[in-house]
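In what follows, a structure is listed as structure tokens, so that the remarks can point back to it.
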Amino acid sequence: MDDPRQQGKVVHKLFDIIFLAVSAVISGCQGWEDIEDFGHDRLDWLRKYVPLEQGIPRHDTIARVMSRIDMTQFQDSFSSWMKDCSKLTQGDVVAIDGKRLKGSFNQSDRRDVLYMVSAFACENGVVLAQCPVDKKSNEITALPELLELLEIKGCLVTIDAMGCQKSIAETIVDKQADYLLAVKANHKGLLSQIENALLPEVTRQASEGVLFNEADYHKNREEFRCCAVSHNVSDLSETSNWKDAKTVGVIVSYRKEKTK
């Protein structure tokens, strides 16, 4: 990674600062002062890997340096590191979702909220890569960029209804992975065909009491689910537009709270 500082004025090496910041955040630190405190508390451990010849930099120095580095370079380096640390195996689930970063809005008008689309390896419990959502766009445009960062061969990629797009499905298949997409009203024709095909089986399960039951007694709530799956998609004309579509399914749930 390129060091943006004037080299004649550099006191702390760039790699030392990045190693300190990443180690601290992984350990649960959430602010620049936390990172500095972590450095003082774990100085002996840190020096096993980086020299830190000038000791631990102040928190304002850490913040200033981290704010100036090229985030594209950092993201590429971080993604490569995560691929080395977290090797995905055949069939692993990679969940892709977008979230608003807490506290990222402008305090004066509560705008300029920062959204990130993340790829989460469920088995390993780590975020493999992230991509910011442009303020003038939405998650759909960020998803292809995120998928390009990932090596997902043999994995199952899950995305909510926002990512239920034919182009996204094609990209995932082209990377030799499988997709599981949530179909909602954004694809009315496909949704209607799936509902019509699987409604009889769901109705049968409900009438015969073939239910998955989940109880949360702390909230005095019970939830019941019916599930139906079909591997015969040839009768659903809408699936022909989705690359390598093999299976459709539906989950119907209802819950009982107290006496309601």
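If you read the sequence from its start, that first residue is 1, and numbering goes on from there. From a predicted model like this one, the values you see are computed outputs, not experimental measurements.
- Heavy atoms from other residues, nucleotides or ligands lying under 6.0 Å from CG of Leu199 number more than 12.
- Considering NE2 of His59 and CZ of Arg64, their distance stands at 10.5 Å, rounded to 0.5 Å.
- A pairwise comparison of heavy atoms in Gln176 and Lys153 identifies OE1-CE, 3.1 Å as the closest pair.
- Residues Ile194 and Glu238 are not in side-chain contact: their nearest non-hydrogen atoms beyond the backbone lie 4.5 Å or more apart.
- Heavy-atom neighbours of Lys99 NZ from other residues, nucleotides or ligands within 6.0 Å: at or below the threshold of 12.
- Between the CD1 atom in Ile159 and the CG atom in Leu146 there is a gap of 8.5 Å [rounded to 0.5 Å].
- Residues that satisfy the side chain to side chain contact (heavy atoms under 4.5 Å, CB included) test with Gln6, not counting sequence neighbours, are Lys9.
- Residues Gln130 and Ser118 come closest through the heavy atom pair NE2-OG, 3.0 Å.
- Between the side chain of Lys175 and the main chain of Leu150, a donor-acceptor pair closer than 3.5 Å is present.
- Within a 6.0 Å radius of CZ in Arg42, other residues, nucleotides and ligands contribute 12 heavy atoms or fewer.
- The line from CD of Gln75 to SG of Cys131 is 6.0 Å long, rounded to the nearest 0.5 Å.
- Taking the six-membered ring where the residue is Trp, Phe78 and Trp81 present perpendicular rings, their angle passing 60° and hence far from 30°.
- When atom types are taken as modelled, the side chain of Asp92 and the backbone of Ala121 share no donor-acceptor pair closer than 3.5 angstrom.
- Residue-environment remark: NZ (Lys184) stays at or below the threshold of 12 foreign heavy atoms within 6.0 Å.
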(request) Take Val93 and Glu123, measure what side chain to side chain contact (heavy atoms under 4.5 Å, CB included) needs, and give me the verdict at the end. (result) CA-CA 7 Å; Val93 176; Glu123 183 69 23; over 6 Å; no
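- Around CD of Glu33, the count of heavy atoms belonging to other residues, nucleotides or ligands within 6.0 Å does not exceed 12.
- One hydrophobic cluster, built from ILVMFWY side chains closer than 4.5 Å, holds both Leu43 and Ile26.
- One finds the CG atom of Asp244 at 6.5 Å from the OH atom of Tyr179 (value rounded to the nearest 0.5 Å).
- Under a hydrophobic clustering in which Ile, Leu, Val, Met, Phe, Trp and Tyr are joined whenever their side-chain heavy atoms come within less than 4.5 Å, directly or via other members, Val183 and Val202 fall into the same cluster.
- The backbone N or O of Ser167 lies less than 3.5 Å from a partner atom in the side chain of Thr171, making a donor-acceptor pair.
- Partners of His12 by ring-ring contact (aromatic ring centres under 6.0 Å, His included), not counting sequence neighbours: none found.
- Between Val94 and Cys155, the shortest heavy-atom distance links the atoms CG2-CB, 4.2 Å.
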(request) Evaluate the criterion side chain to side chain contact (heavy atoms under 4.5 Å, CB included) for residue pair Met66 and Ile18; output intermediate values, then yes/no. (result) CA-CA 8 Å; Met66 293 299 293; Ile18 293 176; 4.2 Å; yes
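- What you find for Gly39 and Leu20 is that their closest heavy atoms are CA-CD1, 3.7 Å.
- A pairwise comparison of heavy atoms in Ala161 and Asn186 identifies O-ND2, 2.9 Å as the closest pair.
- The hydrophobic clustering, which links ILVMFWY residues whose side-chain heavy atoms are closer than 4.5 Å, places Val10 and Val65 apart.
- Listed for the Ser240 side chain is a donor-acceptor partner under 3.5 Å among the backbone atoms of Ser237.
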(request) Evaluate the side chain to side chain contact (heavy atoms under 4.5 Å, CB included) criterion for residues Val233 and Trp242: first the C-alpha distance (whole Å), next the side-chain angles of each, then the deciding distance (0.1 Å), finally the verdict. (result) CA-CA 11 Å; Val233 298; Trp242 296 80; over 6 Å; no
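- A chain of hydrophobic side-chain contacts below 4.5 Å, direct or via other Ile, Leu, Val, Met, Phe, Trp or Tyr residues, connects Met71 to Ile17.
- The backbone N or O of Ser253 lies less than 3.5 Å from no partner atom in the side chain of Glu223, so there is not a single donor-acceptor pair.
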(request) Carefully, step by step, assess Trp32 and Asp60 under the rule side chain to side chain contact (heavy atoms under 4.5 Å, CB included). (result) CA-CA 7 Å; Trp32 304 117; Asp60 52 356; over 6 Å; no
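- In this pair, Trp45 and Phe38 present their aromatic rings perpendicular. The plane angle is above 60°, beyond the 30 to 60° band.
- Leu190 contributes atom CG, which lies 9.0 Å from atom CG of Asn241 (distance to the nearest 0.5 angstrom).
- One distance of note links CZ of Phe120 with CG of Asp97; it measures 11.5 Å at 0.5 Å rounding.
- Residues Val25 and Ile62 are members of one and the same hydrophobic cluster, defined by side-chain heavy-atom contacts under 4.5 angstrom among Ile, Leu, Val, Met, Phe, Trp and Tyr.
- Taking the side chain as every heavy atom from C-beta outward, Leu14 and Ile69 approach each other to under 4.5 Å.
- Without hydrogens or angle criteria, Gln73 side chain to Asp2 main chain gives a donor-acceptor distance under 3.5 Å.
- Of the candidates Gln165, Lys166, Glu170, Ile168 forms a side chain to side chain contact (heavy atoms under 4.5 Å, CB included) with just one, namely Gln165.
- Applying the side chain to side chain contact (heavy atoms under 4.5 Å, CB included) test between Val229 and each of Val250, Thr247, Leu198 identifies Thr247 as the sole match.
- Counting heavy atoms from C-beta on, the side chains of Asp76 and Leu149 come closer than 4.5 Å.
- Under the 4.5 Å side-chain criterion, counting only non-hydrogen atoms from C-beta, Asp70 is not in contact with Met1.
- Closest heavy-atom contact between Pro51 and Asp16: CD-OD1, 3.7 Å.
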